[in-house]
Amino acid sequence: MKALPNSDWLDKRHPIAVVAERTGLTQDVLRVWERRYTAVEPDRGSGGQRVYSDADIARLTMLNAVTRVGRSIGQVASLPDDALAALLEEDSGAREQRAAPPDASAATRHTVETALAHARALDTTALDEILRRAAAMHGISNFLELVAVPLLRRVGDEWHAGRLAPAQEHVATSVLHDIVAETMRGFTQRNGAPRIVVATPAGERHAIGAALVGAAAAVDGWSVLYLGADLPANDIAEAARVSRARVVAVSIVFVQHRENLLNEMRELRTRIPKGVVLIAGGAGAGSLRTELTALGVRVETSVPALLEALAESGGEA
C-alpha cells in the first residue's frame, strides 16, 4: 500500500467508517475481506489509516450484494467488476421472475407454519418438499435465517409446551438437519480457508443447531469440520488441535443439566488454545449468556451475529 501524495488527494478519498456506512458492511468485515481475500486494495493516509476510492466503494457494494444471496466471498472476491455487475443483473432478473409476494415476512411465516403442520402429521415427504422449495426460492443464507431458525424455534416451543409429541419433534428436526447438512457439505472449500470445528457439548443431543452453524459458516467461506452431537469437551478440543481450527462453535438448544453443561464449557475453554475463539449459539446458550461470557465464551444466537463473529475471528488465512 502506498502513502498518499498530498492532502488535496486525501480529500477525495473515504475513511473506513464512511465506506462501512455506504456499503452496509461492518468495518471488521471490510478488514477481513481486504486481508484474506484482497477484495479491494485501499491506500493509506499519512497517519496509516485506510482510505478508499469511489471505485472501491462501488466494488464493495457489489460484493456485498452478490454474497447476500448465498455466494461466499471466497467465490467472488477475485472477479472483475464487469463480472460482478453481470452477476447482479442475473440475480435481479431471477428475483423478478420469482415474483416474491408483497409481504415476504408473511410468506416465510406461512412456510414455517406449514412445515410445522407437516411435522405434526408425520408427513416427511411434504415437509422435505416445502423446505427444499423454500431453500431454492430464498437462497441458502436467507433460508437459514428466515425459515430454518424460526422453524427450529417453533418446534422447540411447541415441544416444551407439550403440544408436539417426541416423534413429531424428531421428524421436524431430522428432515431439517438433512437439508442443512447437505447444504454445508455442498460448498467446496478453497485451499487455505480458515477452519471451524462445529459440535454440540456432552449432554446436548440436538444436532440441528450445530448443522445450522456449520452451513452458515460454509456459505461464508469457512472450512467446516462438523462433529455432530453430544461430544465431551476433550474430544472437541482434540479435534480443534489436530485440525488447527481458528474457531470452535458449539450449539446449545436445550439446557437440561445446567451445572454439567457449564462444567463442559469450562473444560472446553480450558483445553483449547487461548487464541482459538469459542462461540456458543442457540436458545440454550442465550439463557446462559452471563455464565458463558464469564468463562470466556462468546454467545451469539442469530445467524447474522454468528457471521459477524466469524468475520471478526477470521484473521489472515
Side-chain angles (χ1 to χ4, degrees), residues 28 32 144 148-149 152-153 156 173 177 180-181 184-185 189 193-317:
D28 290 319
V32 170
L144 294 176
V149 172
L152 181 60
R153 187 178 299 117
T173 55
H177 177 274
V180 173
M184 174 175 53
R185 298 184 181 108
Q189 303 300 330
R195 176 60 67 95
I196 179 173
V197 171
V198 181
T200 78
E204 173 58 84
R205 296 181 175 84
H206 295 83
I208 178 59
L212 287 169
V213 171
V219 170
D220 206 44
W222 286 70
S223 174
V224 180
L225 178 57
Y226 176 64
L227 302 180
D230 196 15
L231 267 79
N234 61 320
D235 290 339
I236 299 175
E238 178 64 10
R241 184 191 68 79
V242 171
S243 65
R244 298 181 180 179
R246 195 165 294 166
V247 174
V248 172
V250 298
S251 171
I252 305 171
V253 177
F254 301 123
V255 179
Q256 294 182 329
H257 303 288
R258 186 186 188 90
E259 289 306 315
N260 290 347
L261 178 58
L262 289 174
N263 287 338
E264 283 291 314
M265 294 302 296
R266 184 179 296 107
E267 182 176 359
L268 180 57
R269 179 66 275 180
T270 300
R271 286 179 175 270
I272 63 176
K274 291 184 178 179
V276 176
V277 178
L278 178 56
I279 302 175
S287 70
L288 297 174
R289 183 181 297 275
T290 301
E291 295 91 332
L292 291 173
T293 301
L295 294 176
V297 181
R298 180 164 180 168
V299 178
E300 303 293 355
T301 57
S302 70
V303 172
L306 168 69
L307 296 180
E308 184 81 8
L310 292 182
E312 294 174 11
S313 306
E316 296 186 12

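- Applying the side-chain contact (heavy atoms from CB on, under 4.5 Å) test to Asp230 and every residue at least two apart in sequence or in another chain returns Ala202, Arg205.
- Here the closest heavy-atom approach between residue Ser251 and residue Pro201 is recorded as O-CD, 3.5 Å.
- With Ser287 contributing its side chain and Gly284 its backbone, the two residues share a donor-acceptor pair below 3.5 Å.
- Shortest non-hydrogen contact noted between Val276 and Ala245 is CG2-O, 3.5 Å.
- For the residue pair Val224 and Met184, the shortest heavy atom distance occurs at CG1-SD, 3.7 Å.
- In this structure, Asp235 CG and Leu227 CG are separated by 9.0 Å, a value rounded to the nearest 0.5 Å.
- Taking CD1 of Ile252 as the start and CG of Leu261 as the end, the distance is 4.5 Å to the nearest 0.5 Å.
- Interatomic distance, Glu259 CD to Glu291 CD, rounded to the nearest 0.5 Å: 8.5 Å.
- Rounding to the nearest 0.5 Å gives a distance of 9.0 Å between CZ of Arg298 and CG of Leu310.
- Contact record, Ala229 with Leu231: O-CD1, 3.1 Å, taken as the closest heavy-atom pair.
- Taking the side chain to side chain donor-acceptor pair (under 3.5 Å) definition, one finds that Arg241 meets it with Glu238, sequence neighbours left out.
- For Arg244, the side chain to side chain donor-acceptor pair (under 3.5 Å) test picks out no residue, with sequence neighbours left out.
- Looking at Glu264 and Val250, their side chains never come closer than 4.5 Å, going by heavy atoms from C-beta outward.
- Side chain of Arg289 to backbone of Val299: a donor-acceptor contact under 3.5 angstrom is found.
- Annotation: side chain of Leu262 is in contact with side chain of Leu292 (closest heavy-atom distance under 4.5 Å).
- To the nearest 0.5 angstrom, Gln256 atom CD is 7.0 Å from His206 atom NE2.
- In plain terms, the two heavy atoms of Ser243 and Val197 that are nearest each other are OG-CG2, 3.6 Å.
- When every heavy atom of Pro194 is checked against every heavy atom of Arg246, the shortest pair comes out as CB-NH1, 3.4 Å.
- At a threshold of 4.5 Å between non-hydrogen side-chain atoms, the residues Ile272 and Ile236 do not count as touching.
- Counting only distance, with no hydrogens or angles, the side chain of Glu267 and the backbone of Asn234 share no donor-acceptor pair below 3.5 Å.
- Without hydrogens or angle criteria, Asp220 side chain to Ala216 main chain gives no donor-acceptor distance under 3.5 Å.
- Note: Leu306 CG to Ile196 CD1 = 6.5 Å, rounded to the nearest 0.5 Å.
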